[in-house]
Amino acid sequence: MVNYRYLGNSGLKISEITYGNWLTHASQVENDVATSCVRAALDAGITTFDTADAYANTAAEQVLGDALKGERRAGLEIFTKVYWPTGPKGPNDVGLSRKHIMESINGSLTRLGTDYVDLYQAHRFDVETPLEETMQAFADVVRQGKALYIGVSEWSADQIRQGAALAKELGFQLISSQPQYSMLWRVIEDEVVPASKEAGVSQIVWSPMAQGVLSGKYLPGQPAPAGSRATDEKGGAQTISRFMNDETLAAVQNLKPVAAELDLSMAQLAVAWVLQNDNVAAALVGASRPEQVAENVKASGVTIPAELMKQIDDALAGVVERDPAKTLEGMPKKRPV
C-alpha cells in the first residue's frame with residue numbers, strides 16, 4: 001500500500017504515488033479502461049489524483065470525475081490546473097488572467113463533479129499577466145472555497161519565490177510545484193528545490209520514468225516496441241524524443257543490477273529514486289492498464305541505500321541533464337494560441 005507525505009508547509013497529506021491522467025484519459029486509452037485504472041489506484045491506497053483542464057481539451061477531467069463518482073469526497077485529494085488553451089481557444093481561453101482563472105475553475109469543478117479541488121495549479125507562468133493579478137485571483141478562488149490550496153507547475157526558482165511572497169501577503173499559501181524530474185532530468189535540483197524549501201513548497205514530480213525510458217524497454221539500436229509511447233503520434237513520441245538516443249538508452253540498461261539488488265523492476269526503481277529527494281512529496285504516475293498501477297505502488301516506502309544511489313549516478317554519468325536554465329527554456333515566451 002501507499003505511504004503518505006505532507007504537501008509543502010501545510011497539513012495536507014497526499015499519497016506519495018499520485019495518479020495522473022495526462023497522456024491517458026480521453027486520449028490514449030478508452031474510458032472504460034481509464035475507469036479501471038482509477039479503480040486500481042483506489043484499491044492500492046492512492047487517494048490523490050492529478051489532472052488538468054487542457055488534457056484532451058477538458059475531456060480528461062470529465063473522465064476522472066466520472067471514474068471517481070460515488071467515492072467519499074473527503075477521502076480524496078483532487079488536483080487540477082489552469083493556463084493552456086481550452087474550449088474553442090478564444091483570446092481569453094488561455095493564460096492566468098483573472099477572467100480565465102475564474103471561468104476555468106468553474107468549468108473544472110463541473111467536469112470533475114465536485115464543489116472544490118484540493119489543489120489548483122498554475123500550469124505554467126503567464127508572462128503576459130501581472131503576477132499580482134494572477135495571485136489575487138487564486139486568493140479569491142481559495143476564499144470562495146473552490147480550491148483549498150494553490151500550486152504551480154514548471155515555474156522557475158525566482159517565480160516560485162515571488163509567487164510565494166505574494167500569496168503570503170494575500171493570506172493564502174503556495175504549497176506545491178509540479179516539475180519534470182527523473183534520474184535523467186534533474187534540472188530542479190540546483191535552484192528550484194532550494195527556493196521551494198525556503199518558500200514552504202514541495203514537489204509533485206511528473207515523468208519520474210522519463211516518459212517510460214527508465215523502464216528499460218527501449219533498447220539501443222533497436223526500434224521502439226509496437227504500441228509504446230515512442231510510437232504514439234498523438235503526442236507521446238514527441239515528449240519522449242529527447243531521451244531516445246543510443247547513448248542514453250545504453251546507460252539506462254546499466255541500472256538493471258541496481259533494480260535487481262532491490263528486488264524492483266526498472267520502472268519501480270525510477271519512481272523510488274525520485275522519492276528519495278526529501279523535497280518531493282509525490283511522484284505522478286499514469287497507466288494504460290490497471291496492473292501497471294499495482295506495480296507502480298510497489299515503489300512506495302522503498303529506501304535506496306547511499307551506495308546504490310552512487311551506483312545509479314555512475315551508471316548514468318554523461319547522460320543526465322542538470323542545467324537549471326532548462327526550466328526557463330521550456331517556458332512559453334508568450335501565451336499559446
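- The closest side-chain heavy-atom distance from Ile150 to Ile175 is not below 4.5 Å.
- The main-chain N or O of Ala60 is found under 3.5 Å from a side-chain atom of Asn21 such that the two form a donor-acceptor pair.
- Residues in residues 247-273 take part in these ring-ring contact (aromatic ring centres under 6.0 Å, His included) pairs, two or more places apart or across chains: Tyr181-Trp273.
- In this structure, Lys168 places its NZ atom where only 12 or fewer heavy-atom neighbours from other residues, nucleotides or ligands lie under 6.0 Å away.
- The number of heavy-atom neighbours closer than 6.0 Å to CG of Asp263, taken from other residues, nucleotides and ligands shown, is 12 or below.
- Of the N and O atoms on the side chains of Ser207 and Gln211, at least one donor lies less than 3.5 Å from an acceptor on the other residue.
- Between Glu61 and Thr51, the side chains place no donor N or O within less than 3.5 Å of an acceptor N or O (distance only, hydrogens not considered).
- A salt bridge links Arg335 to Asp126: one of the charged nitrogens lies within less than 4.0 Å of a carboxylate oxygen.
- Salt-bridge formation is detected for the pair Arg5/Glu16: a Lys NZ or Arg NE/NH1/NH2 atom is positioned less than 4.0 Å from an Asp or Glu carboxylate oxygen.
- Looking only at distances, no side-chain donor or acceptor of Arg161 sits under 3.5 Å from a matching main-chain atom of Ala164.
- The environment of CD in Glu189 is crowded: more than 12 heavy-atom neighbours from other residues, nucleotides or ligands sit within 6.0 Å.
- The hydrophobic cluster containing Tyr6 does not contain Val201, counting ILVMFWY residues as joined when their side-chain heavy atoms lie under 4.5 angstrom apart, directly or transitively.
- Glu261 places no side-chain N or O within donor-acceptor distance of the main-chain N or O of Val258, the cut-off being under 3.5 Å.
- A donor-acceptor pair under 3.5 Å is formed between the side chain of Ser153 and the backbone N or O of Gln178.
- A heavy-atom distance below 4.5 Å is found between the side chains of Lys197 and Asp278.
- The pair Glu128-Lys334 fails the salt-bridge criterion, with no side-chain N (NZ, NE, NH1 or NH2) lying under 4.0 Å from an Asp/Glu carboxylate O.
- Under the 3.5 Å distance criterion, the side-chain polar atoms of Lys333 are matched with a main-chain donor or acceptor of Met331.
- Using a 4.0 Å cut-off between a side-chain N of Lys or Arg and a carboxylate O of Asp or Glu, Lys99 and Glu133 do not qualify as a salt bridge.
- Within the 4.5 Å cutoff, the side chain of Tyr120 has no heavy atoms near those of the Lys81 side chain.
- Between the side chain of Gln121 and the backbone N or O of Thr80 there is at least one donor-acceptor pair closer than 3.5 Å.
- Cluster annotation: Tyr19 is connected to Val280 through the hydrophobic network of ILVMFWY side chains, with a link wherever side-chain heavy atoms come within less than 4.5 Å.
- One finds no salt bridge joining Asp313 and Lys310 here, because no Lys/Arg side-chain nitrogen approaches an Asp/Glu carboxylate oxygen to under 4.0 Å.
- Annotation: ring-ring contact (aromatic ring centres under 6.0 Å, His included) contacts involving residues 311-337, sequence neighbours excluded, are absent.
- A donor and an acceptor atom, one from each side chain of Thr58 and Gln62, are nowhere located under 3.5 Å apart.
- Ile14 contributes atom CD1, which lies 6.5 Å from atom OG of Ser202 (distance to the nearest 0.5 angstrom).
- Linking Ile, Leu, Val, Met, Phe, Trp and Tyr whenever their side-chain heavy atoms come within less than 4.5 Å puts Leu64 and Ile17 in one cluster.
- In terms of the side-chain contact (heavy atoms from CB on, under 4.5 Å) criterion, residue partners of Asp323 (sequence neighbours excluded) are, by chain and number, Glu321, Ala325, Lys326.
- In this structure, Arg73 satisfies the cation-pi test against Tyr116, with its NZ or CZ atom closer than 6.0 Å to the six-membered ring centre and inside 45 degrees of the ring normal.
- Checked for salt-bridge contact, Lys146 and Asp140 miss the test: no charged N lies under 4.0 Å from a carboxylate O.
- Without hydrogens or angle criteria, Gln173 side chain to Asn9 main chain gives a donor-acceptor distance under 3.5 Å.
- Asp43 places no side-chain N or O within donor-acceptor distance of the main-chain N or O of Ala40, the cut-off being under 3.5 Å.
- Under the 4.5 Å side-chain contact rule for hydrophobic residues, Val320 and Val213 share a cluster.
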